[in-house]
*Asks:* 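Here it is: the structure, laid out below.
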Amino acid sequence: MTSTIDPAFTVGQVNPLLFGTFVEHLGRCVYTGIYEPTHPTADADGFRGDVAGLVQELGATIVRYPGGNFVSNYRWEDGVGPRANRPRVLDLAWKSIETNQVGTDDFLAWCNRIGIQPMLAVNLGNRGLSEAVDYLEYVNGAAGTRYADQRVGNGYAEPWNVRLWCLGNEMDGPWQIGHKTPLEYARLAQEVARAYKTFDPELQLVACGSSNTTMPTFGEWERVVLEHCFDDVELISAHAYYEPVDGDEVSFLSSSTHMDRFIRGVVATADHVAAKRHSGKRINVSFDEWNVWFAARHGEREEERSAASEAPELIQDVYNALDAVVVGSLLITLLRNTDRVGVACQAQLVNAIAPILTVAGGAAWRQTIFHPFALTAKYARGTVLMLAGDQGQVDTPAYGPVEQVWAVATHDPEAGELTVFAVNRSLTDAASWQLRLGAFGDVRLTEHLVLAEDDRYAVNSSDMPDRVVPHPGTSGITDCALDVTMPPASWHCIRLACH
Ligand code: AHR
């Protein structure tokens, strides 16, 4: 297998917002996840210091909050003001008791402390235009009007200046509180978007796309929503979770094919609406929920639950080495689409389908999927470059024949850095891959890290938090070509110096 990378094969600049994450009031993501006032590492506001440190190491740039399904029955008013006065309420999305000890101000203050950009979702499920505008005023309004003054009274004098807003969540899903037909949602989103843009024309707004590609209205939903909201929003959402279906790990390892086709389908629909309007405007994708999620397992646990409780142990998937390779391949897909993906958020951040796991009152550790995210967020810099050539082939039951090596490169000419991210999507065959780099002149290998385990089901745990970590890979440069040995089901980060 021989491929070529050339600085001219440009897709676009690396979009830093591809490395987003998601905090939902779901299970133990918030309570005993990011927030636990009795934890030995808690800061003055009750947020765990050990978790904050791991979030910074993860390198997430943006965080979506507070849901997810949760937002569709959320009353933002319940989560602001003195904690002692906040009500305990029933959250219908996850059938849990919400104590409201963390709300908008607490969360946004945490974002400021750890240096991560917030992206707020507004409830368009069981609430509407009026409450959405009140919320925007509370968060971003200058002192002098009712809700902005309420925020000032709660101790936050300055507007939070949140730039990115999601207009509801998965409103096409029958499971969603207040779910809607395409037309019902399109009209509401249009009204809210216009009011938001009247408040501040510089806001970036995300309309809900389909919950996933299996929804019966996928494609049609995006068309109807954008035909109404095209002038008023910048982004349309996409969500996708991957797992081996009926044990089909070959297709699971090629989940990046699905994500790539999904992005292209949404982009095509958005551009179709643009064409009909004779418009040069480009609506981009907010891939604001993606990950590996063993939904089948989650279903079993749900049935076991009888009564609503506080911070229940929900969807605490423990990820193995194969899952980490898949996550790495999904990040490659996002980079390959950097020109049309405006935001992407891995779902979620802590405990619930997350790269970080915690014990209440105890340790926090990195799951296997933490590593490809952290390394990609750290080293993807400059311009995204595609590759040309022969990347082999794997036959998959779900997607047909796909490239065996799924790869992308980033090039930062000023720093003299070229980084290759690549996955061998064969479960059984190693790959010998040659990369021609002649166009970069003198190239030296800085570091080659690989995630691959003989036992692909190996996991990290509180006892063995570093059971699965990246190791040095096997590669070498001769005559301006890099030769890489790729074990089956492996993810690679290859850093090169070029001047
Ligand atoms: O991330 C978990 C859930 O998945 C979110 O609440 C919802 O938006 C999606 O269905």
Side-chain angles (χ1 to χ4, degrees), residues 20-31 33-34 60 62-74 91-96 98 102 107 119-126 165-180 185 189 206-218 221 225 235-243 255 258-259 262 266 285-299 301-302 305 308 311-317 319 323 327 330 343-357 367 369 373:
T21 184
F22 178 28
V23 167
E24 177 168 3
H25 286 249
L26 190 185
R28 296 179 51 244
C29 187
V30 173
Y31 305 110
I34 60 170
I62 187 164
V63 53
R64 182 168 176 251
Y65 174 86
N69 297 340
F70 174 82
V71 79
S72 296
N73 71 156
Y74 183 52
D91 161 37
L92 293 174
W94 298 104
K95 298 186 211 86
S96 306
E98 172 56 49
V102 172
F107 182 76
M119 173 183 186
L120 289 181
V122 60
N123 178 355
L124 296 189
N126 67 5
W165 292 80
C166 302
L167 305 176
N169 176 71
E170 294 189 351
M171 298 310 304
D172 60 332
W175 59 86
Q176 203 71 212
I177 305 295
H179 95 275
K180 303 197 173 3
Y185 172 72
V206 184
C208 286
S210 298
S211 303
N212 58 70
T213 54
T214 67
M215 300 302 289
T217 51
F218 174 59
W221 174 280
V225 168
L235 299 142
I236 184 151
S237 70
H239 293 176
Y241 294 98
Y242 299 99
E243 64 183 321
S255 299
H258 176 274
M259 184 190 248
F262 190 177
V266 175
V285 178
S286 177
F287 218 117
D288 47 43
E289 288 187 32
W290 68 267
N291 207 349
V292 172
W293 173 359
F294 291 89
R297 271 194 232 154
H298 165 54
R301 288 183 198 161
E302 278 293 274
R305 262 178 340 119
E313 293 195 356
L314 292 182
I315 47 176
Q316 296 189 173
D317 280 7
Y319 293 109
D323 300 329
V327 162
L330 296 171
V343 182
C345 302
Q346 188 182 38
Q348 298 191 1
L349 181 60
V350 190
N351 291 327
I353 39 174
I356 299 169
L357 284 181
Q367 294 232 57
I369 63 169
F373 190 107

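Position 1 is the first residue of the sequence; numbering continues from there. Each ligand, and each atom within it, is numbered from 1 in the order the structure gives.
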*Asks:* One residue to check: W290. Relative to ligand 1, which of side chain, backbone, both or neither has a non-hydrogen atom less than 4.0 Å away?
*Replies:* neither
*Asks:* For atom 7 (C) of ligand 1, what's the nearest protein heavy-atom neighbour? Residue, atom name and distance, please.
*Replies:* N69 OD1, 3.2 Å
*Asks:* Report, in ascending order of atom number, the atoms of ligand 1 lying under 4.0 Å from any heavy atom of W94.
*Replies:* 3 (C), 6 (O)
*Asks:* Can you find a side-chain donor-acceptor pair between N73 and N123 that sits under 3.5 Å?
*Replies:* no
*Asks:* Are the charged groups of R64 and E289 less than 4.0 angstrom apart, N to O?
*Replies:* yes
*Asks:* Are side-chain heavy atoms of W293 and E243 found at a separation under 4.5 Å?
*Replies:* no
*Asks:* Considering only heavy atoms, which of R64, Q346, E289 lies nearest to atom 4 (O) of ligand 1?
*Replies:* E289
*Asks:* Going by the angle between their ring planes, with limits at 30° and 60°, are F70 and H25 parallel, tilted or perpendicular?
*Replies:* parallel
*Asks:* Show your working on side chain to side chain contact (heavy atoms under 4.5 Å, CB included) between E24 and N69 and close with a plain yes or no.
*Replies:* CA-CA 8 Å; E24 177 168 3; N69 297 340; 4.1 Å; yes
*Asks:* Any atoms of ligand 1 less than 4.0 Å from a non-hydrogen atom of W293? List them with their elements.
*Replies:* 2 (C), 3 (C), 4 (O)
*Asks:* Below 4.0 Å, non-hydrogen atoms only: which portion of F70 touches ligand 1? Side chain, backbone, both or neither.
*Replies:* neither
*Asks:* Parallel, tilted or perpendicular, judged at 30° and 60°: which one describes the rings of H258 and Y242?
*Replies:* perpendicular
*Asks:* Measure the distance from atom 10 (O) of ligand 1 to every protein heavy atom, then report the residue, atom name and distance (to 0.1 Å) of the closest one.
*Replies:* E170 OE1, 2.7 Å
*Asks:* List every atom of ligand 1 that sits less than 4.0 Å from any heavy atom of Y241, numbering the atoms from 1 in the order shown and giving each element.
*Replies:* 1 (O), 2 (C), 4 (O)
*Asks:* Test H239 against every option in T213, N212, D288 by the side chain to side chain donor-acceptor pair (under 3.5 Å) rule and name the one that passes.
*Replies:* D288
*Asks:* Closest non-hydrogen protein atom to atom 2 (C) of ligand 1, residue and atom name please, with distance?
*Replies:* Q348 NE2, 3.5 Å
*Asks:* Could you check whether any side-chain heavy atom of V327 comes within less than 4.5 Å of a side-chain heavy atom of W290, counting everything from C-beta outward?
*Replies:* yes
*Asks:* Specify the protein heavy atom at minimum distance from atom 6 (O) of ligand 1: its residue, its atom name, and the distance to 0.1 Å.
*Replies:* E24 OE1, 2.6 Å
*Asks:* When you measure from the heavy atoms of I353 to every atom of ligand 1, does any distance fall below 4.0 Å?
*Replies:* yes
*Asks:* If we set the cut-off at 4.0 Å for heavy atoms, which region of N169 has an atom near ligand 1: side chain, backbone, both, or neither?
*Replies:* side chain
